[in-house]
Amino acid sequence: MRNPIIVALDLPAADAALDLARRVAPHVGAFKVGKELFVAEGPDFVRRLRGTGASVFLDLKFHDIPNTVAKAVASAVRLDVQMLTVHCSGGSAMLRAAEESAQSTAATLGRPAPLVLGVTVLTSMDAAALAELGGETDITRQVERLARLAAGAGIRGLVCSPLEITPLRAFLPGSMQLVTPGIRTGAEKSDDQKRTLGPSEAMTAGASWLVVGRPIYAAKDPVEAAKAIAAMAMGSR
Ligand code: C5P
């Protein structure tokens, strides 16, 4: 059974992040590199992380004209990442360009294409923030609209909040991979995540992958925390 835990390496420096990754790697499925670490440490950090044998999720949320996004995706494929993110609000041409670039660049290099994940509505947005943009003001409807747009453009995975898993599963193709942050076991101190699910609940609801940051990297014992969270997630299947 595939280990569905992706550890968010939300740490500012390469050495600490690599040290954590090496320690928890036997108990998790992949590592997420976000903007903070990537801007500080660059592609070289991704190469070092890949050099440990770890799978990498490059979470840079590309959003630009289709040609630029296609080229950024091609660069990510050359870095040999296994997952990456794009904003669904970039539109269907941009989404199609991202997926096609992932497939064609990987084929040229003779490796499997990374999973291009669409980000729908950022969970930091509420109805008022959406209204400011001038379009749909109902968050659920906008998430659904962007999810359909992504599926129609050939995107094979989406990032979604724990509470979006069930409504999205109701209409998306079963093959769509859902990657879900906002995972808490109840053992952590409370933090800024408001709408959370436990690892087992999220998997039962239909998540494919769980992104877990603080419950692992800020735990007293990250290795034990990773083991426990992975067991909860995999015990549910
Ligand atoms: O520490 P925590 O488990 O909350 O980390 C969750 C990770 O998932 C962070 O990297 C955060 O930026 C990311 N994320 C999120 N909510 C979203 C999208 C991404 O928490 N809607």
Side-chain angles (χ1 to χ4, degrees), residues 4-13 16-17 20-21 24 27-41 45-46 49 54-63 81 83-90 115-127 129-130 139-140 142-144 146-147 150 155 157-168 177-203 205 207-222 225-230 232-233:
I5 305 300
I6 302 173
V7 181
L9 292 176
D10 294 332
L11 300 165
L20 176 78
V24 304
H27 312 293
V28 303
F31 295 94
K32 183 169 88 73
V33 178
K35 289 190 172 94
E36 180 185 18
L37 196 50
F38 191 81
V39 172
E41 302 285 357
F45 173 76
V46 176
L49 185 58
S55 295
V56 177
F57 170 7
L58 187 64
D59 186 19
L60 299 180
K61 298 187 180 69
F62 298 139
H63 184 175
V81 304
M83 294 180 178
L84 61 96
T85 41
V86 297
H87 271 289
C88 295
S89 52
L115 184 62
V116 177
L117 297 165
V119 173
T120 58
V121 179
L122 294 171
T123 47
S124 53
M125 303 279 285
D126 58 13
L130 214 51
I139 291 185
T140 307
Q142 183 68 356
V143 167
E144 183 173 328
L146 290 171
I155 292 291
L158 295 170
V159 179
C160 71
S161 85
L163 303 187
E164 288 163 1
I165 302 169
T166 302
L168 286 175
Q177 305 257 313
L178 295 182
V179 178
T180 310
I183 300 301
R184 293 295 180 267
T185 65
E188 308 84 5
K189 281 183 280 172
S190 63
D191 52 43
D192 62 352
Q193 294 283 17
K194 304 246 184 295
R195 292 171 298 153
T196 65
L197 276 188
S200 164
E201 296 168 278
M203 295 304 293
S208 316
W209 298 89
L210 308 181
V211 175
V212 184
R214 288 162 288 182
I216 292 178
Y217 72 72
K220 219 176 258 162
D221 185 339
K227 266 194 214 172
I229 290 170
M232 288 178 220

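If you're wondering where the values come from, they're calculated on a predicted model, not measured in any experiment. Whatever order the structure lists them in is the order used to number ligands and atoms, beginning at 1.
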Residues Glu164, Leu158; criterion side-chain contact (heavy atoms from CB on, under 4.5 Å); working and verdict: CA-CA 11 Å; Glu164 288 163 1; Leu158 295 170; over 6 Å; no

Tyr217 vs Val24, side-chain contact (heavy atoms from CB on, under 4.5 Å): CA-CA, chis, key distance, verdict: CA-CA 9 Å; Tyr217 72 72; Val24 304; over 6 Å; no

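- Under the rule for a side-chain contact (heavy atoms from CB on, under 4.5 Å), the partners of Ala13 that lie at least two apart in sequence or sit in another chain are Glu41.
- Between Lys227 and Asp221, no side-chain nitrogen of the basic residue sits less than 4.0 Å from a carboxylate oxygen of the acidic one, so the salt-bridge criterion is not met.
- Atom CG of Leu84 and atom CG of Leu58 lie 6.5 Å apart (nearest 0.5 Å).
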What does the contact table look like for ligand 1 (nitrogen or oxygen on each side, cut-off under 3.5 Å)?
unit_1	atom_1	unit_2	atom_2	d
ligand 1	1 (O)	Arg214	N	2.7
ligand 1	1 (O)	Arg214	NE	2.7
ligand 1	3 (O)	Arg184	NH1	3.0
ligand 1	3 (O)	Gly213	N	2.8
ligand 1	4 (O)	Arg184	NH2	2.7
ligand 1	4 (O)	Gln193	NE2	2.9
ligand 1	4 (O)	Arg214	NH2	2.8
ligand 1	10 (O)	Asp10	OD1	3.4
ligand 1	10 (O)	Asp10	OD2	2.7
ligand 1	10 (O)	Lys32	NZ	3.0
ligand 1	20 (O)	Gln193	NE2	2.8
ligand 1	21 (N)	Thr123	OG1	2.7

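- Checked by atom type and distance alone, the side chain of Ser208 pairs as donor or acceptor with a backbone atom of Leu178 at under 3.5 Å.
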